[in-house]
Amino acid sequence: MEYNFKELEAKWQRRWREEKTYHVEVDPSRPKYYVLDMFPYPSGAGLHVGHPLGYIASDIYSRYKRQCGFNVLHPMGYDAFGLPAEQYAIQTGQHPAVTTERNIARYREQLDKIGFSFDWDREVRTCDPEYYKWTQWAFLKMYDHYYCNDSQKARPVSELVEAFAEHGSEGLNAACTSEMHFTAEEWNGWDEAQREQVLQNYRLAYRADTTVNWCPQLGTVLANDEVKDGLSVRGGFPVEQKRMRQWLLRVTAYAQRMLDGLDELAWSDSLKEIQRNWIGRSVGAQAFFPIKGDDRKLEIFTTRPDTIFGVTFMVIAPEHEWLDSLTTDENRAAVEEYVAATKKRSERERIAETRRVSGVATGSYAINPFSGREIPIYVSDYVLAGYGTGAIMAVPAHDSRDYAFARHFGLEIIPVVEGGDIEKESYDAKSGRMINSGFLDGKDVKEAIAEMFAEIERRGIGKRLVNYRLRDAIFSRQRYWGEPFPVYYKDGTAHPLSEEQLPLELPPVDNFGPTAEGEPPLARAAGWHTAEGYPYELSTMPGFAGSSAYYLRYMDARNDKALVGREANEYWRSVDLYVGGIEHATGHLMYSRYWNMFLYDIGCVCEQEPFSKLVNQGMIQGRSNFVYRVVGTNTFVSAGLRGGYETQEIHVDVNIVRNDILDLDAFRAWRPEFADAEFILEEGKYVCGWAVEKMSKSMYNVVNPDYIVDTYGADTLRMYEMFLGPLEQSKPWDTNGIDGVHKFLRRFWRSFFDRSGAFAVTDEEPTPKELKTLHKTIKKVREDIENFSFNTSVAAFMICLNELGECRKRAVLEPLTALIAPFAPHIAEELWSMMGHTTSVCDAAYPVFDEQYLAESSFEYPVSVNGKLRFKREYPLSATPAEIQADVVTADEAQKWLDGKTPKKIIVVPGKIINIVI
RNA sequence: GCGGAUAUGGUGUAAUUGGUAGCCACGUCAGACUUAGGAUCUGAUGCCUCGCGGCGUGGGGGUUCGAGUCCCUUUAUCCGCACCA
């Protein structure tokens, strides 16, 4: 019987669907395991061969876990709100819901062909009102909570209100935008709007005037992780800094917890490091510098309080609130000109000119609280408004940026740490002996820092402070295709809807672009207000809103009473294995952790961290092919012969090239201008050149998984994607080589049949050699799956088959079928049922993964003499070092190498190595 | 500039984690069969050399009986952050 993968794969996919093979329910009698993929944004281009890589890996793992007896939750859904659908809508007038629906259908069709074990009954779509109801709900909860630094958790704002009424801001230790001080009398005297203004300073979801990343082309603001090198990640448009009133999430309140939580996560070190850098914790001192002729004090943050005696000037950011009041009349014109020039520069220009020194004196002076010197205050854009206090104390001798600034403006440079040569450059290292620093002289830098912290607090100049680079997340987008905010405005103050009013559904509009007045598209929606006529918020939520808690919704996807029911949540708890791309390191993976921690604080979920283990699959690049046209002709020269010609390199569709050999007829048919192409061949073939590039339409290197499934079958696609290389490594897709895997599956299939083609599995007893091969393979594949080393497990299957030769014994083939099922489920199901089983192989309570199979294995010990490896001997694992040692010394082989001498030393490491030193 | 990762045949990769480098495939070469095919099967295939033998894991040095693996140094590529005070 032939291996008819087409028929057989269709048959099993149909059966899995009809019998709901992969449907799961809460089952307290079995241990659970939750395997999650990062759900896709359904783009119009459909899936290419790189997209399913992670899905295949996670599918193998979930099928494996299921065969090990776990109740496996393995869901899938769509991150369906987003920019591309909206951009498309603006251009074509097609409603994003329509294109999204169409794209989802296409994605589903493509996914189904690959044979995933998803429980589609739990599908979620972020754009579905039944789903985004809970996104809005979480937002309302954040609005209703503040972060208490003492108890390190979110608490209801109502508690805050009570406390304010009783004793004002006294004793309050809460995460806030800026520190506020007021008495109970003041609080009680304020009206509702004034109180709300104060509360916005504390709410976890709040509205504030902040400097935002504004992208004019997209007509919206963006979060920090959505901007790279001054360009929008989506679309690559320039981004500028602008001050706007926006909704924000107080993620900074959770900075320390998110940092601490990383230690316990089974994530890659590089990913954890990216998050640590993004959070950017630094310990330093807050200090207030008196201003000459002013009773205010300028607040700065420094990590080098030891160098205060070396402060010779101060710098504030162009956006600093006090800039205007610190500027003297003589300097006003220059300062205003400087600020205007700074504002005009885009974020991108600013980054490009990073090393250019610029700035202007304000004319004001501060007083160094330690040296008592009068020091000038400058304004310069090398000081960022968004970090610390937007003002610094400058120590040119020990900070390269301050040094460059001081040199440029001829300012004084006072060394306070020994070690460098300040004539040439600043000495930034945190080591050396203090000089010119009064009571710190002679001390080591580390000592001096500690001492300075104490001294600053003792003198009341400031205090020790932890600062984070992490910024609160800007949460509004001036877009249509996103979740509406469940908020309306009354007298300019935001009011939340009640939970019963959710979901607040996205209204229809006739045009998806911004209005002529520059208002968001929702301004076009007729009736976008409450029954009383109060207008709703015009912005919508950003992309990360819907993806922040989707893993929770899968646990209990059809619950209309709660985001997730208690029973479901306490059973599934959190994601045990999360597979997805590393590009979400500072976006989704930060926001999800924040979101989950918040839900944990309010008692909605039972785990603090959402994703205990995370695997980042590498990206699949394209492998482009080229043909070489002799310039000025329509003649194409084969890659190996092009040396003698002046040629032009042209991308050719990889789908008409096989093993780098061009299909000449297909090429002539590919495009009209090549219809009469001539070829200069080498050995009768046209050999194409190749290069690794991004997989994209314009490079003609997109390989569609549907094509691979049609030609080779889903099982081949699955195994080949794994065989390509280590999961976490980025690698080019190369269809050359897929034959090897396909050939293996055909051989595997054939080993169940005799030469006449009849099913011929026998009940014969396997030989010890066959059993050894089987056990070795089981051990290897098990370990490989646990280590996500799927490429080596595919190799292990091939080796196994090579070693077994023509073995048709049930006792060997049955466990092997169960073992291969996670990788190639269709062929495994078919053979499994042919062997007489009536249940699915994925439910096989077959002891294929049992320890008993491993117990019989023996291990080889390499034996070396003087470091030169001489021979291998086999010992059972139970053998003691003493036994092995005695055996080696008395063995004839060993004697041969010992050459009659008595060994000086014998090293025996059980399970590893025996070394004899003569 | 700071931080992280990677480097092995013509290609993708593997190496009992310090123990015979190149498993498993692709490709190539040779052969068998053949309805002549981009099917199937068998064998060879790191480099140099007719051979003996020598050389080989980006380069240099070190530790070790023994290094692809550990340490130092250097180069190249990729990724993240970046006037972060």
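From a predicted model like this one, the values you see are computed outputs, not experimental measurements. Proteins get letters first, then strands, A, B, ... in listed order; numbering begins at 1 in each.
B:A25 and B:U69: their P atoms are spaced 28 Å apart (whole Å). Comparing the same atom, C1', in B:U8 and in B:G46 gives a spacing of 10 Å after rounding to whole Å. Spacing of C1' atoms, B:G22 relative to B:U57, comes out at 9 Å, to the nearest Å. Using atom C1' as the reference point in both B:U34 and B:G10, the two lie 30 Å apart (nearest Å). Nucleotides B:U63 and B:C71 have their C1' atoms positioned 7 Å apart, rounded to a whole Å. Between B:U11 and B:G59, the two C1' atoms lie 24 Å apart (nearest whole Å). Comparing B:G3 with B:C47, their P atoms are spaced 41 Å from each other, to the whole Å. Atom C1' of B:A7 sits at a distance of 6 Å from the matching atom of B:G58, rounded to the whole Å.
The side chain of A:Phe301 lies closest to B:A85, out of B:C41, B:A85, B:G80. Side chain of A:Asn277, nearest nucleotide from B:G80, B:C83, B:A85: B:G80. The listed nucleotides are B:C83, B:G3, B:G38; the one nearest the side chain of A:Leu384 is B:C83. Considering only side-chain atoms of A:Ala795, the nucleotide from B:A85, B:C24, B:C41 that sits closest is B:C24. Distance from the side chain of A:Met798 is smallest to B:A25 among B:A85, B:C81, B:A25.
Between A:Phe823 and A:Phe797, the distance separating the two ring centers is shorter than 6.0 angstrom. Taking the six-membered ring wherever Trp is involved, the centroid distance between the rings of A:Phe405 and A:Phe313 falls below 6.0 Å. The aromatic ring centres of A:Phe5 and A:His742 sit less than 6.0 Å apart.
No contact: A:Asn467 has no heavy atom under 4.0 Å from any strand. Residue contacts shown for A:Pro726 are limited to sugar-phosphate atoms, with no base heavy atom under 4.0 Å away. Looking at heavy-atom distances under 4.0 Å, A:Val315 makes no contact with the nucleic acid at all. Nucleic acid contact for A:Arg750: sugar-phosphate only, since backbone atoms but no base atoms lie under 4.0 Å from a heavy atom of the residue. A:Arg281 comes within 4.0 angstrom of nothing in the nucleic acid, heavy atoms only. Within 4.0 Å (heavy atoms only), A:Arg623 reaches no atom of the nucleic acid at all. Heavy atoms of A:Phe744 sit nowhere under 4.0 angstrom from any nucleic acid atom. Counting any heavy atom pair closer than 4.0 Å across all strands shown, A:Asn787 reaches no nucleic acid atom. Heavy atoms of A:Asn791 sit under 4.0 angstrom from primed sugar atoms or phosphate atoms, though from no base atom.
Between the CD1 atom of A:Ile274 and the C1' atom of B:C78 there is a distance of 12 Å, rounded to whole Å. Atom CD1 in A:Ile279 sits roughly 23 Å away from atom P in B:C2 (whole-Å rounding). When rounded to the nearest whole Å, the span between CZ of A:Phe823 and C1' of B:A25 equals 16 Å. Spacing between atom NZ of A:Lys430 and atom C1' of B:A85 amounts to 11 Å, rounded to whole angstrom units. Across the protein-nucleic acid pair, A:Ile738 atom CD1 and B:U11 atom C1' stand 16 Å apart, rounded to whole Å. Between the C1' atom of B:G1 and the CD atom of A:Glu425 lies a distance of 12 Å, rounded to the nearest Å. The nearest whole Å value for the distance from the CZ atom in A:Phe289 to the P atom in B:A85 is 16 Å. A:Glu273 places its CD atom 7 Å from the C1' atom of B:G4, with the value rounded to the nearest Å.
At the phosphate of B:C26, OP1 or OP2 sits under 4.0 Å from a side-chain N or O atom of A:Lys743. Between A:Asn736 and B:A25 there is no side-chain polar atom (N or O) within less than 4.0 angstrom of OP1 or OP2. Phosphate contact (OP1/OP2 of B:A82, side-chain N/O of A:Arg469, threshold under 4.0 Å): present.
Among residues two or more places apart in sequence or in another chain, the salt bridge (charged side-chain N to carboxylate O under 4.0 Å, His left out) test is passed with A:Glu803 by A:Lys776.
B:G56: no Watson-Crick or G-U partner with both key distances under 3.5 Å is found in any strand. In this structure, B:U45 and B:G27 make a Watson-Crick or G-U wobble pair, each of the two defining distances being under 3.5 angstrom. Both distances falling under 3.5 Å, in either a Watson-Crick or a G-U wobble arrangement, occur for no nucleotide opposite B:G66. As the counterpart of B:A39, no nucleotide is assigned, since no Watson-Crick or G-U wobble pattern has both distances under 3.5 Å. In this structure, B:C78 and B:G4 make a Watson-Crick or G-U wobble pair, each of the two defining distances being under 3.5 angstrom.
Of the N and O atoms on the side chains of A:Thr735 and A:Trp733, at least one donor lies less than 3.5 Å from an acceptor on the other residue. With 3.5 Å as the limit, one finds a donor-acceptor pair spanning the side chains of A:Asn802 and A:Arg747. Side-chain contact, A:Arg593 with A:Gln275: a donor N or O sits under 3.5 Å from an acceptor N or O.
Its glycosidic angle being within 90° of 0, B:U17 falls on the syn side. Taking syn as a glycosidic angle within 90° of 0, B:G54 does not qualify and is anti.
Where A:Tyr468 and A:Ser789 each meet RNA chain B at their nearest nucleotide, the meeting point lying more 5' is that of A:Ser789. Annotation: of the two residues near RNA chain B, A:Lys731 and A:Val741, the 5′-most nearest-nucleotide partner is A:Lys731.
Because its NZ or CZ atom is not both nearer than 6.0 Å to the ring centre of A:Tyr3 and within 45° of the ring axis, A:Arg746 does not count as a cation-pi partner of that residue.
Salt bridge A:Glu786/A:Arg782: absent, no basic N to carboxylate O contact under 4.0 Å.
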